[in-house]
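Following: one structure in structure tokens, then a few remarks.
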Amino acid sequence: MERLGAAAGGLAFAVLILGGFVAIRLLTRLFYSVVLLVETLSIAAFALLIGYVVYRILLGSSDNPRRSH
């Protein structure tokens, strides 16, 4: 009976270690995905800002109210 209890305890410990590794891997991948998403959105926002500035320059229009068209 002691051997059966020891085997069950060893199996539970092995499952706990494996579960810990799986949980760490999942959290790491989740964090990596979030970082990639934020990076992609930041680059898109920056590209839109640069595109707007270039558009305004090429169009030759200004937001300056003192400048008449």
Side-chain angles (χ1 to χ4, degrees):
M1 210 51 171
E2 288 182 26
R3 285 186 179 184
L4 191 60
L11 182 63
F13 191 71
V15 167
L16 183 67
I17 290 175
L18 179 64
F21 281 130
V22 170
I24 289 171
R25 176 175 252 175
L26 283 174
L27 288 175
T28 304
R29 288 183 180 184
L30 176 67
F31 179 71
Y32 184 69
S33 299
V34 168
V35 167
L36 279 178
L37 178 65
V38 169
E39 180 184 13
T40 302
L41 292 176
S42 300
I43 291 172
F46 182 70
L48 284 172
L49 177 66
I50 296 299
Y52 175 74
V53 169
V54 169
Y55 170 75
R56 296 299 296 220
I57 290 171
L58 290 177
L59 225 100
S61 60
S62 172
D63 288 335
N64 189 348
R66 295 172 296 188
R67 185 174 175 196
S68 63
H69 291 150

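Since the model is a prediction, treat every value here as computed from it, not as a measurement. The residues of the chain are indexed from 1 along the displayed sequence.
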Output side-chain donor-acceptor pairs under 3.5 Å for residues 36-50, partner residues at least two apart or in another chain, one line each.
{"residue": "Thr40", "atom": "OG1", "partner": "Leu36", "partner atom": "O", "Å": "2.8"}
{"residue": "Ser42", "atom": "OG", "partner": "Val38", "partner atom": "O", "Å": "2.8"}

inquiry  = Rounded at 0.5 Å granularity, tell me how far CZ in Arg25 sits from CZ in Phe21.
reply    = 10.5 Å
remark   = Applying side-chain contact (heavy atoms from CB on, under 4.5 Å) to Leu26 and not counting sequence neighbours gives Val22
